[in-house]
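Because the structure is predicted, anything quoted here is derived from the model rather than measured.
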Amino acid sequence: MGKTSVLIVGTGFGGVGTAIELKRAGFDDFTILESADEPGGVWRENTYPGAGCDIPSPLYSFSYEPNPDWPKRFSLQPAIHEYLKRVVRRYGLEPHIRFGTRVTGASFDEERGLWRVETAGGETFEGGVFVPAVGQLSRPVQPDIPGQETFQGTSFHSARWDHGADLRGKKVAVIGTGASAIQFVPELQRQAGELTVFQRTAPYIMAKRDTSYRRWQQRLFRHLPATQLLGRLRIFLLAEYATYAMTKHPLLAKVFELRTAQLRRRHIKDRTLREKLTPDYPLGCKRILFTNEYLPALAQHNVAVETRRISAITPSGVLTEDGVEHEADVIVYGTGFAATDFLGELKVEGLGGRALSDAWKGGARAYLGMTVPGFPNLFCVYGPNTNLGAGSIIYMIERQARYIRQAVEHLSRPEVSYMDVVPEVEQRYDEEVQRRLGRSVWAACASWYRQENGRVSTNWPGLVTEYDRRTKTLDLGDYRTAGPR
């Protein structure tokens with residue numbers, strides 16, 4: 001492979017979106033390395049009951065590839081996974097994908113201006129541009145609770161759902177109340193004999209204005225695409241308004257906060273339970289969750305919400321700090337993902353053999369969420385500070401893909417070997433981003449948005465339209481360009 005060839009890791013929306021952008025621009029010299037046997041990313045991996053997206057499907061899709069056949073406004077995992085596979089087929093990406101290829105490391109060869117990518121199977125791939133598109137929510141977190149290995153029942157993480165587990169009439173314990181839990185807890189409530197939900201902090205719950213699309217609506221979307229586009233625009237504007245409220249005008253967030261309180265009063269009549277389910281932190285500090293079924297499920301007779309801290313897992317259940325053992329046949333860990341552990345266990349070395357893990361000590365950082373000084377021709381997709389508190393990450397992915405395509409075009413010039421972001425440029429950018437985030441609601445409490453040292457390394461501090469503007473044109477002045485040796 002030559003200096004303009006591109007090695008992409010992952011076939012989620014990030015990797016697929018980058019590949020499509022390159023192909024649409026006439027670049028066919030790219031390879032996508034995928035550890036699984038089919039595309040899909042998190043929408044392939046997360047198959048728990050009720051799995052779906054909390055962003056309406058008209059916006060949670062590529063702008064250039066609208067889907068008139070979405071079954072629901074908020075589509076579930078099978079429909080989203082199928083959409084992604086269909087897009088892969090439509091744009092002819094299959095010949096570019098190497099399935100069953102797990103990347104373990106990558107190193108930059110300065111002399112040749114190439115990335116050398118190693119795989120678990122012992123293969124080596126070389127390419128001029130390296131694009132890790134592994135996402136922020138792809139590595140499940142198993143909590144550090146003593147005694148987990150002693151449990152004699154069935155246990156699993158929600159991202160590795162055991163579909164063979166018999167839950168009917170069983171005593172089920174759910175640890176965690178995040179975005180996945182609020183989707184599968186209602187499904188478990190309908191099956192379990194007894195369901196205990198262990199909650200550390202109460203989430204803010206908003207109603208999901210969902211609807212199933214009828215055939216006449218799908219035909220309308222197909223023959224008059226502008227009707228679906230208008231729906232997408234409306235959702236987009238609402239998301240921008242929510243972001244503005246969380247980052248610029250906290251008083252506006254009070255409107256959302258009042259609506260969550262109304263929802264609790266409507267579904268939770270028991271005052272003690274309602275108090276347990278009332279958040280004690282500012283709205284938006286942790287992820288706001290959208291569901292119509294979670295609160296009604298918690299009000300059912302076979303469900304208990306436990307807020308006392310877990311001290312251990314025993315052979316027969318969950319032990320809380322008050323010394324009470326809660327018996328369980330099944331434990332489901334809804335404990336989320338290592339969102340701040342960018343690139344996971346992937347070992348990346350740049351100029352001089354410097355490890356990316358060393359460059360990111362104290363928190364991951366990248367210029368525009370994509371490039372890191374000392375790691376030429378490396379472009380992260382859905383990297384540091386590109387996550388959203390509201391809105392569709394696919395919008396951000398499309399902007400990153402556009403930026404990477406411009407970089408590949410520049411690198412295709414014969415006098416260019418590699419481009420490396422100027423450290424001072426990245427430093428100024430990071431200081432600005434962290435300063436703005438420090439004034440936002442995301443800095444107000446502990447959450448998966450923040451690291452233990454308080455740094456917010458996941459979220460973008462502004463509107464997505466600002467990110468669009470800042471990434472629209474590749475500024476070569478931000479980079480040091482090296483010629484061939």
Side-chain angles (χ1 to χ4, degrees), residues 6-19 30-36 40-42 44-45 98 101-108 114-121 123-127 129-142 159 336-387 393 396-397 400-401 403-404 407 420-421 426 430 433 448-453 455-460:
V6 182
L7 295 174
I8 302 170
V9 182
T11 58
F13 274 101
V16 169
T18 303
F30 63 88
T31 300
I32 312 175
L33 306 176
E34 170 56 58
S35 60
V42 296
R44 177 193 62 240
E45 298 299 316
R98 289 290 301 270
T101 305
R102 182 169 66 86
V103 174
T104 56
S107 58
F108 187 69
L114 295 175
W115 278 95
R116 181 182 176 90
V117 175
E118 307 287 345
T119 71
E123 289 184 280
T124 300
F125 294 84
E126 291 186 340
V129 180
F130 180 46
V131 182
V134 297
Q136 293 185 18
L137 303 175
S138 58
R139 294 167 294 282
V141 168
Q142 193 72 20
F337 301 86
T340 60
D341 185 19
F342 292 87
L343 305 191
E345 298 178 353
L346 190 63
K347 297 179 179 178
V348 179
E349 295 181 349
L351 296 176
R354 188 188 185 198
L356 186 57
S357 58
D358 290 338
W360 280 354
K361 280 184 177 177
R365 49 192 287 173
Y367 179 57
L368 298 173
M370 289 182 276
T371 59
V372 182
F375 296 82
N377 297 4
L378 181 149
F379 299 88
C380 296
V381 174
Y382 195 7
N385 294 115
T386 60
N387 186 61
I393 191 60
M396 301 289 277
I397 286 171
Q400 292 161 23
Y403 190 89
I404 294 169
D420 187 17
V421 65
E426 189 274 337
D430 184 68
V433 167
W448 63 262
Y449 296 145
R450 294 199 329 170
Q451 299 193 185
E452 290 184 3
N453 62 7
R455 179 184 176 87
V456 179
S457 57
T458 55
N459 284 14
W460 169 245

Mark yes or no for whether [X], through its side chain, and [Y], through its backbone, hold a donor-acceptor pair below 3.5 Å.
{"X": "Gln400", "Y": "Tyr382", "answer": "yes"}
{"X": "Asp420", "Y": "Gly374", "answer": "yes"}
{"X": "Asn387", "Y": "Thr458", "answer": "no"}

Close side-chain approach of [X] to [Y], heavy-atom, < 4.5 Å:
{"X": "Pro384", "Y": "Trp360", "result": "yes"}
{"X": "Ile404", "Y": "Val381", "result": "yes"}
{"X": "Leu378", "Y": "Pro132", "result": "yes"}
{"X": "Phe130", "Y": "Val9", "result": "yes"}
{"X": "Arg44", "Y": "Thr11", "result": "yes"}
{"X": "Arg98", "Y": "Val103", "result": "no"}
{"X": "Phe30", "Y": "Thr18", "result": "no"}

Problem - Salt bridge present between Glu118 and Arg116 (N-O < 4.0 angstrom) - result: yes
Atom of [X], atom of [Y] and distance for their closest heavy-atom approach:
{"X": "Ala36", "Y": "Glu45", "value": "CB-OE2, 4.5 Å"}
{"X": "Ala106", "Y": "Val117", "value": "CB-CG2, 4.0 Å"}
{"X": "Phe379", "Y": "Ala407", "value": "CZ-CB, 3.5 Å"}
{"X": "Glu126", "Y": "Leu7", "value": "C-CD1, 3.8 Å"}
{"X": "Ala159", "Y": "Pro140", "value": "CB-CG, 3.7 Å"}
{"X": "Asn459", "Y": "Val456", "value": "N-CG1, 4.1 Å"}

From [X] [atom1] over to [Y] [atom2], what is the distance, rounded to the nearest 0.5 angstrom?
{"X": "Lys361", "Y": "Asn453", "atom1": "NZ", "atom2": "CG", "value": "13.5 Å"}
{"X": "Leu368", "Y": "Cys380", "atom1": "CG", "atom2": "SG", "value": "12.0 Å"}
{"X": "Asp430", "Y": "Tyr367", "atom1": "CG", "atom2": "OH", "value": "12.5 Å"}
{"X": "Thr31", "Y": "Ile8", "atom1": "OG1", "atom2": "CD1", "value": "8.5 Å"}
{"X": "Leu351", "Y": "Ser107", "atom1": "CG", "atom2": "OG", "value": "11.5 Å"}
{"X": "Leu114", "Y": "Asn377", "atom1": "CG", "atom2": "CG", "value": "9.0 Å"}

Handout entry: Parallel, tilted or perpendicular: ring planes of Trp115 versus Phe375, cut at 30 and 60 degrees
Key = parallel
